[in-house]
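Presented below is the structure to which this report refers.
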Amino acid sequence: MLVYLRAHLREGAVLVPTTHGTLVENRIRTGERLYNLDEAGARDLLETYDANGYGFGAYPKMNDYGISLVTQEKMTALIEAAGLSVVHFEQQGWVKHQDVFGVTRSS
């Protein structure tokens, strides 16, 4: 998807993706909020996240719709692999909940 977005991003334009990061991770990990996952889904999400820096948990009775977590480091690596550059990062920058990246095309 990032490669597709890069192909459609004009020179000088900024892409602003948001992600669930450490705030959501901590809420799920402590059980404060499971974001509509059941306990097994939350456990699977965190196991994959801990192993890979990215995890997806499908909502109960759904296979391809749910919630994802990604570390800043993993997201930055994915952005750079797509030929893009991170020019801004703000943890919990979107409504004090989601992490915000500012991304441009690499030179």
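Hydrogens, waters and symmetry mates are skipped; everything else that's a heavy atom, side chains included, is used.
Under the salt bridge (Lys or Arg N to Asp or Glu O under 4.0 Å) criterion, no residue pair touches residues 84-97, with sequence neighbours excluded. Applying the salt bridge (Lys or Arg N to Asp or Glu O under 4.0 Å) rule to pairs touching residues 60-86 yields nothing, sequence neighbours excluded. The ring pair (Phe, Tyr, Trp, His ring centres under 6.0 Å) contacts involving residues 70-96 comprise Phe89-Phe101, where partners must be two or more places apart or lie in separate chains.
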Show me the side-chain donor-acceptor pairs of residues 12-26 shorter than 3.5 Å, one per line, residues at least two apart or across chains.
from: His20; atom 1: ND1; to: Ser68; atom 2: O; distance (Å): 3.2
from: Thr22; atom 1: OG1; to: Gln91; atom 2: NE2; distance (Å): 2.5
from: Glu25; atom 1: OE1; to: Tyr49; atom 2: OH; distance (Å): 3.2
from: Glu25; atom 1: OE2; to: Arg29; atom 2: NE; distance (Å): 3.2
from: Glu25; atom 1: OE2; to: Arg29; atom 2: NH2; distance (Å): 2.9
from: Asn26; atom 1: ND2; to: Thr22; atom 2: O; distance (Å): 3.1

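For the pair Arg6/Leu2, no side-chain contact is recorded, criterion being any heavy-atom separation below 4.5 Å from C-beta on.
With sequence neighbours excluded, the residues that form a side chain to side chain donor-acceptor pair (under 3.5 Å) with Ser106 are Ser85. The salt bridge (Lys or Arg N to Asp or Glu O under 4.0 Å) search around Glu32 returns Arg27, not counting sequence neighbours. A search for ring-ring contact (aromatic ring centres under 6.0 Å, His included) contacts involving Tyr59 returns Tyr65, not counting sequence neighbours. Qualifying salt bridge (Lys or Arg N to Asp or Glu O under 4.0 Å) partners for Arg105, counting only residues two or more places apart in sequence or in other chains: Glu11. In terms of the side chain to side chain contact (heavy atoms under 4.5 Å, CB included) criterion, residue partners of Ala40 (sequence neighbours excluded) are, by chain and number, Asp38, Arg43.
Cluster membership check: Val3 does not share its hydrophobic cluster with Ile79, using side-chain heavy-atom separations under 4.5 Å among Ile, Leu, Val, Met, Phe, Trp and Tyr. Residues Val70 and Ile28 do not share a hydrophobic cluster, clusters being chains of Ile/Leu/Val/Met/Phe/Trp/Tyr side chains in contact below 4.5 Å.
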